[in-house]
Amino acid sequence: MRRVLVANRGEIALRLIRACHQAGFEAVAAYSNADKESRWVELADDAVYLGGSPAAKSYLNADAVLDAAKHSGADAIHPGYGFLAENAAFARRVAEAGLTFIGPPAEVIEKMGDKATARRMAAEAGVPVVPGSDPLSGAGAAEAAAREVGFPLLVKASAGGGGRGIRPVASAAELAEVVATARAEAAATFGDGTVYLERLIERARHIEVQVLADDHGNVTHAFERDCSVQRRRQKLIEEAPAPGLAPGLREAITEAAVRLSRHVGYRNAGTVEFLVAGDEFFFIEMNTRIQVEHPVSECVTGLDLVAEQLRIACGAPLSVTEAELTGAAVELRINAEDPALDFRPAPGELTRFDLPGGPGVRVDTGFAAGDQISPFYDSMIAKLICWGATRAEALSRARQALAELRIEGVASTAGLHAELLGELADGPVHTRWLEERQVNCSNS
Ligand code: ADP
Ligand code: ADP
Ligand code: MG
């Protein structure tokens with residue numbers, strides 16, 4: 001491996017370019033119309049135009065990405081997250097073109113990228129899964145399955161992601177209609193109308209385990225992250241380690257994640273996601289890719305997870321057999337969204353963008369003042385990651401860093417984060433906590 005095509009944009013594109021350079025590889029950026037002038041394109045060794053601004057014409061266009069790799073002389077492709085990252089057919093085409101896909105083999109993505117199949121794998125591996133159904137077949141299947149699962153429940157698209165493709169159902173009366181809508185929506189959005197039912201676990205925490213697996217039979221974990229602060233089932237704040245876990249729970253969850261990864265022959269970096277209620281935990285899905293919130297795990301283990309991905313892709317062994325946990329870290333997603341308007345996306349020009357710094361402060365962003373936050377892609381402007389010897393120190397550094405951050409030109413989540421940090425000091429929250437808080441705030 002010598003030259004890596006970075007098939008992504010924004011902060012993760014820059015993160016990947018930096019990791020390539022540190023490991024001694026060249027990095028090629030692949031960009032859309034909207035991203036021509038971007039910072040990551042400038043910092044790459046070479047850049048190839050993919051197509052128009054809509055993702056379907058550029059970052060989601062497998063033909064264009066493969067052509068870009070060939071024309072730029074790249075011998076590997078890093079898909080980042082989102083877009084083509086969990087597309088097994090794409091991973092297969094990359095391999096068939098004689099290129100290295102920096103991620104798991106296509107067969108593994110097939111098993112774990114699809115939620116319904118992944119649930120089956122977890123059950124086979126003896127990992128507890130949320131009570132739920134197999135993929136629904138005929139029209140009558142939903143009623144029978146729902147009687148088993150019980151209400152309230154969720155209809156989930158097997159190919160869903162990014163918080164999309166999940167619909168709650170409170171009672172039997174709504175079921176048929178929600179299932180029909182969910183099917184149609186999943187077929188249109190993800191190109192796969194497969195849906196299944198899952199019991200709604202109330203007041204649960206979202207806790208996920210970072211795993212790493214190489215070609216030499218080493219499968220290990222880099223501890224867990226708590227990603228319970230969410231809106232619309234998408235994460236807004238993540239931390240590592242998960243605060244206040246019951247004794248033995250960390251060991252049980254990390255062990256389950258490693259067991260499942262071994263069971264499916266996992267390779268490269270991945271994340272096994274769980275819901276935790278009391279002292280019980282349930283598998284929900286696996287993300288077969290680098291995760292947005294990977295930096296918090298880097299802060300508490302000292303690992304460079306993208307560097308590990310590159311090592312694994314080259315056939316080298318992991319740099320550690322067992323990661324060690326030190327301190328605590330928190331990541332705040334600074335999105336161009338208006339929290340007062342139900343987190344409505346607020347694209348526009350970033351007229352001012354002054355970044356914080358100092359010990360224990362890291363900012364991952366692909367943007368600079370004067371850049372446009374484009375309406376074509378997700379609304380993340382930056383990730384503010386802070387760490388310290390203790391959780392209290394990490395949270396306090398995050399408060400300080402937010403006070404230094406200046407964003408003008410677009411509405412952002414920065415101000416909300418400042419409020420939330422104080423409240424989070426009290427301890428762990430559940431996945432509906434933020435939405436309930438926002439309703440209470442707008443009522444009072
Ligand atoms: P993470 O699990 O790393 O926290 P997110 O859920 O925030 O990731 O998603 C990261 C990005 O990937 C978002 O832009 C999201 O919309 C996108 N994404 C994730 N899964 C899918 C999917 N199955 N289809 C399309 N986009 C996805
Ligand atoms: P995605 O692929 O969009 O990330 P997930 O299955 O990981 O989908 O679920 C996203 C979020 O939705 C979870 O973090 C959690 O907040 C909520 N969720 C998912 N499944 C359940 C469930 N069975 N009960 C309660 N909440 C759930
Ligand atoms: Mg998820």
Side-chain angles (χ1 to χ4, degrees), residues 86 88 103-105 107-135 145 148-150 153-154 156-161 166 194 196-214 217-228 233 235 238 240-242 245-289 291 293-294 297 318 322-323 325 430-431:
E86 290 185 87
E107 311 82 74
V108 175
I109 303 180
E110 248 148 28
K111 280 188 213 158
M112 299 310 280
D114 173 85
K115 290 182 183 176
T117 317
R119 280 171 54 83
R120 228 177 53 228
M121 295 294 141
E124 272 178 29
V127 170
V129 298
V130 180
S133 75
D134 288 328
E148 294 259 313
V149 173
L153 55 78
L154 297 173
K156 291 178 94 167
S158 202
I166 302 180
T194 309
Y196 62 98
L197 307 183
E198 211 172 78
R199 183 179 300 162
L200 183 103
I201 312 281
E202 311 217 43
R203 308 187 85 74
R205 297 169 69 184
H206 173 117
I207 295 183
E208 60 184 34
V209 178
Q210 176 69 55
V211 295
L212 287 168
D214 64 19
N218 303 305
V219 185
T220 192
H221 68 83
F223 298 95
E224 81 286 356
R225 299 182 281 257
D226 185 328
C227 314
S228 303
R233 302 190 177 86
K235 301 153 189 169
E238 303 98 342
L245 279 192
L249 202 47
R250 168 168 304 126
E251 290 71 18
I253 292 182
T254 52
E255 190 275 325
V258 168
R259 181 152 34 97
L260 175 55
S261 303
R262 272 193 203 287
H263 178 72
V264 299
Y266 200 77
R267 292 287 187 288
N268 214 282
T271 297
V272 184
E273 296 191 331
F274 297 96
L275 291 178
V276 173
D279 53 11
E280 280 190 298
F281 65 92
F282 307 95
F283 170 84
I284 43 172
E285 67 154 346
M286 181 167 197
N287 291 320
T288 57
R289 55 170 167 85
Q291 201 112 347
E293 56 275 21
H294 76 277
S297 304
L318 294 173
E322 212 180 315
L325 179 63
H430 61 83
T431 56

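As the structure is a prediction and not an experimental result, all values here were calculated from the model.
Of the options V108, V272, V209, T220, a side-chain contact (heavy atoms from CB on, under 4.5 Å) to S261 is made by V272 and by none of the others.
No donor-acceptor distance shorter than 3.5 angstrom exists from the side chain of T254 to the backbone of F223, with no hydrogens or angles considered. Checking side-chain atoms of N218 against main-chain N and O of A213 turns up no donor-acceptor pair under 3.5 Å. Checked by atom type and distance alone, the side chain of R289 never pairs as donor or acceptor with a backbone atom of G270 at under 3.5 Å.
T431 and R205 share no side-chain donor-acceptor pair at under 3.5 Å. For the residue pair D114/S158, the side-chain donor-acceptor check at 3.5 Å is satisfied. Using a 3.5 Å distance cut-off with no hydrogens or angles, the side chains of E293 and Q210 do not pair a donor with an acceptor. Side-chain contact check for Q291 and T271: at least one donor-acceptor pair (N or O, by modelled atom type) lies under 3.5 Å.
Not counting sequence neighbours, F282 has no partner by the ring-ring contact (aromatic ring centres under 6.0 Å, His included) test.
Taking CD from E285 and CE from M112, the interatomic distance works out to 9.5 Å, rounded to the nearest 0.5 Å.
E148 CD: 12 or fewer foreign heavy atoms inside a 6.0 Å radius.
What you find for G113 and E86 is that their closest heavy atoms are CA-OE1, 4.3 Å.
Legend: ring-ring contact (aromatic ring centres under 6.0 Å, His included) pairs involving residues 253-277, not counting sequence neighbours, sorted by first then second residue: F274-F281.
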